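Here the structure is a predicted model, which is why all the values come from computation and not from measurement. We count ligands from 1, going down the list as the structure has it; atoms in each ligand are counted the same way. As a basis for the values below, the full set of heavy atoms in this structure was taken, side chains included, without hydrogen atoms, waters or symmetry mates.
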Amino acid sequence: MFRLLVLTLCGLGSLVSASTFSPARPPAIPLAVKSPYMNTWLEVGSDGGSGGILPGYWPRFWAGPQPGPVAGSNGAVTAWTGFITVDGTSYTWMGAANVNGVVPPSVTQTSFEYTSTRSTFIMNVAGKISMNVTFLSPVTPNDLRRQSVIGSYLSVTVAAIDGGSHSVQLYADTSAEWTSIHNTDIAQWSYSVNNGVASHSSWRQTQSEFNADYPDDAAHWGYWHWSTAATSSMTYQSGQDVTVRGNFLDNGTLPDTQDTDYRAISDDWPVFGFANALGNVGSSPVETLYTIVHAQQNAIYFDGANGDVSVPSLWTSYFSSDSALVNFFYGDYGNMASLSDATDNQFAGDSIAAGGQDYSTITSLSARQAFGAVQLCGNETKPYLFLKEISSDGNIQTVDVLFPTMPIFLYSNPILVKYLLDPLFENQESGQFPQTYAMHDLGPNYPRAIGHPTGDGEYMPLEECGNMIITTLAYAQRAQDTAYLTQHYAILKQWTGYLVDEALIPANQLSTDDFQGQLANQTNLALKGIIAIQAMSEIASKTGNGADATNYSNIAHDYIGQWQEMAVVTDADPPHTNLDYQNDTSHGLLYNLYADRLLGLNLVPQSIYDMQSAFYPTVAETYGVPLDTRDVYTKSDWQMWTASIASKSTQTLFISLLAKWINETPTNRAFTDLYNTQTGDFADGPFIARPVVGGHFALLALNGAPTAASG
Ligand SMILES: *[C@@H]1O[C@H](CO)[C@@H](O)[C@H](O)[C@H]1NC(C)=O
Ligand SMILES: *[C@@H]1O[C@H](CO)[C@@H](O)[C@H](O)[C@H]1NC(C)=O
Ligand SMILES: *[C@@H]1O[C@H](CO)[C@@H](O)[C@H](O)[C@H]1NC(C)=O
Ligand SMILES: *[C@@H]1O[C@H](CO)[C@@H](O)[C@H](O)[C@H]1NC(C)=O
Ligand SMILES: *[C@@H]1O[C@H](CO)[C@@H](O)[C@H](O)[C@H]1NC(C)=O
Ligand SMILES: *[C@@H]1O[C@H](CO)[C@@H](O)[C@H](O)[C@H]1NC(C)=O
């Protein structure tokens with residue numbers, strides 16, 4: 001009977017109208033995306049994804065090909081299963097569970113919608129029941145206590161839609177796969193009830209603090225807490241996947257038992273199930289709320305001003321234990337949801353006002369990904385925001401990743417930019433980086449911020465000196481924090497000295513776009529250095545260093561004149577800047593010009609802005625404007641930086657092509673920032689779930705920019 005029904009529904013599947021997607025069909029859908037380790041997505045793109053349908057596919061850590069031990073495969077599965085039984089017939093609403101050959105048919109997904117904080121799927125169950133399945137990963141930039149919780153909500157609301165009432169049982173589980181990407185690792189788990197919240201906790205049996213090395217990337221320490229309300233209609237079980245899921249399918253309930261045979265993740269696959277007997281459901285919606293929390297007491301190992309220290313997760317300042325944290329988070333759903341509504345409305349409203357619906361389509365897909373690559377750490381007196389260069393090798397606090405990411409933080413709460421910069425200043429000002437230029441990153445492997453005491457690290461001296469100065473001034477202007485400029489004046493001046501020597505004629509070196517290789521005389525890199533010298537003039541002026549202000553302004557103005565001579569291809573049709581001074585057939589996105597507007601410096605003549613605005617449309621491809629003439633790839637972040645200072649029509653072109661890419665790209669990678677402008681597919685190299693999508697907020701970060709800086 002049951003199997004017959006499976007066949008019948010599969011046959012009908014093609015007749016049922018397909019799900020709608022609003023505002024777009026993204027390459028991957030964020031499910032629980034809240035930290036570098038809680039980063040679970042539904043792959044969508046045709047490169048191997050689900051097409052955006054929740055049931056029938058396993059959610060995965062990041063999304064897209066995983067480097068390292070599982071090379072060539074897709075991201076590691078973080079199994080998450082949902083079943084619903086309506087009038088005795090069971091269906092799958094999440095995951096791809098096969099219970100001894102029985103695969104409950106999928107509910108029919110009718111629509112999908114995303115906002116900055118939510119992914120919502122609406123399901124029709126046999127024409128009887130409507131289900132709203134909402135994944136909420138809160139983004140609360142102005143409430144650091146709440147933002148510090150590494151937790152995500154899953155809300156499932158059901159209601160009858162046929163005027164009747166129906167018997168409904170709901171089931172959801174997570175598997176031990178959340179505890180490690182290595183299925184041979186031993187997991188341990190326990191079940192507890194605290195103040196009305198029932199939790200299955202699970203963890204890697206051997207805790208290895210500060211170990212999440214490339215290419216693993218998943219944390220080898222910390223505790224995962226999967227929770228729901230401990231009501232009388234809730235039953236639970238931990239145990240083998242087919243046993244627990246089979247109990248629900250056979251009986252609609254679980255036996256309230258725990259499996260204590262702790263074992264490898266793939267050894268009879270332990271899962272952690274909850275079943276809810278919802279009774280007869282009529283037209284009034286009935287909600288079941290689940291949470292998943294990742295709790296690490298210590299988060300980062302940091303070589304700061306006082307040597308190596310363990311930096312706690314910021315949530316430990318507010319909550320005394322994992323269970324206090326979980327209880328708070330579960331009970332705080334109403335507040336978290338309304339604060340997230342406020343974030344959704346603010347990000348979407350400001351985006352639509354600044355750049356139209358297409359722009360909101362881009363920014364609202366980017367918000368969780370950017371906030372999901374950082375962790376609030378430290379304590380209330382001294383918070384830090386640590387950033388992981390996810391996928392492109394896992395460095396911590398990479399300056400040229402922090403730089404493109406910065407607009408989302410500058411826009412949503414500038415203090416977050418200070419918390420990103422502080423660890424870099426602390427390490428270098430305490431003399432732990434023996435170079436005159438700024439360091440590239442705070443360590444090769446997040447979460448170990450051990451610096452580069454021998455002065456090594458990826459060599460991007462011009463890039464990083466410029467980035468540090470520009471980012472520091474951008475923060476200080478928005479926060480009106482002149483004291484911060486005074487505090488760091490000496491090292492900022494040291495880095496400016498490097499720029500005065502090196503920026504105008506850049507040596508053969510990398511820029512942030514290191515996948516393109518080294519190049520001498522890079523026009524865009526020189527521009528960053530020159531703008532940073534003018535930024536230092538502004539810093540000097542604000543801090544009462546008048547002679548320096550005059551000197552740096554004179555140098556920057558002299559340089560920008562010389563730069564125009566070498567950078568502008570005046571006899572091209574239309575004229576444009578080159579990629580490198582020597583090559584007049586080359587060109588590229590002049591995205592560093594953004595810093596001139598962001599800081600209100602007015603160093604670069606308007607004619608350069610206008611010239612570039614007229615040029616870009618002439619080299620646009622199907623899905624965007626190539627980064628430069630070396631290949632057909634582009635960067636989404638640099639496109640949005642470029643767009644935000646372009647003429648309105650050119651800006652609209654950039655935005656509409658990126659929104660089109662989101663809808664049409666075949667990649668299933670979490671918003672890859674490097675892609676092919678002709679085919680829309682991803683480009684080689686690991687560019688998955690990276691924080692730089694925070695740069696898509698470039699246009700919004702210009703709100704509140706000084707219109708003309710002094711000096
Ligand atoms: C599901 O969401 C839709 C759209 O937001 C809403 O109209 C409907 O009332 C919701 N249904 C339930 C059962 O919550
Ligand atoms: C099925 O559910 C009933 C009622 O909750 C319970 O008495 C029975 O033990 C369950 N059987 C199994 C196999 O779980
Ligand atoms: C907060 O962190 C700072 C820097 O790590 C440390 O010096 C201070 O003692 C901490 N304060 C508390 C109350 O733990
Ligand atoms: C201006 O700055 C440059 C580079 O730091 C320095 O070499 C020069 O001495 C300064 N000139 C004055 C007048 O301060
Ligand atoms: C870089 O530009 C300068 C100034 O035009 C020129 O003298 C130098 O030869 C160029 N370097 C290279 C490697 O082309
Ligand atoms: C100049 O740029 C074009 C376009 O990128 C490239 O094909 C050519 O090789 C470059 N020439 C030199 C001398 O670098």
Pairs of nitrogen or oxygen atoms, one from ligand 3 and one from the protein, closer than 3.5 Å: please tabulate them with distances.
from	atom 1	to	atom 2	distance (Å)
ligand 3	2 (O)	Asn379	OD1	3.4
ligand 3	2 (O)	Asn379	ND2	2.3
ligand 3	11 (N)	Asn379	ND2	2.8
ligand 3	14 (O)	Asn379	ND2	3.3

Checklist entry - Taking the six-membered ring where the residue is Trp, are the ring centres of Tyr675 and Phe687 under 6.0 Å apart? => result no
Checklist outcome for this item: Taking only non-hydrogen atoms of Asn551 and a 4.0 Å limit, the atoms of ligand 4 in range are 1 (C), 2 (O), 3 (C), 8 (C), 10 (C), 11 (N), 12 (C), 14 (O)
Checklist entry - Is the distance between the ring centroids of Phe328 and Tyr318 under 6.0 Å? => result no
Item to check | Glu464 side-chain N/O to Asp400 backbone N/O, donor-acceptor pair under 3.5 Å | outcome: yes
Checklist entry - Should the ring pair His452 and Phe433 be called parallel, tilted or perpendicular, given that the plane angle runs from 0 to 90° and is split at 30 and 60? => result perpendicular
Next on the checklist: Quick check: Asn583 and ligand 6, any N/O pair under 3.5 Å apart?
Outcome noted: yes
Checklist outcome for this item: Sorted by chain and number, sequence neighbours left out, salt bridge (Lys or Arg N to Asp or Glu O under 4.0 Å) with Asp393 holds for none
Checklist entry - Would you call the rings of His294 and Tyr37 parallel, tilted or perpendicular, where under 30° means parallel and over 60° means perpendicular? => result perpendicular
Item to check | Enumerated ligand 6 atoms positioned under 4.0 Å from heavy atoms of Ser586 | outcome: 2 (O)
Next on the checklist: Looking only at the aromatic ring of each residue, does the gap between the centers of Tyr437 and Tyr459 stay below 6.0 angstrom?
Outcome noted: yes
Checklist entry - Considering all heavy atoms of both residues, which atom of Lys34 and which atom of Ile150 are nearest to each other, and what is their separation? => result CG-CA, 3.9 Å
Checklist entry - What atoms of ligand 6 come within less than 4.0 Å of a heavy atom belonging to Thr585? => result 1 (C), 2 (O), 3 (C)
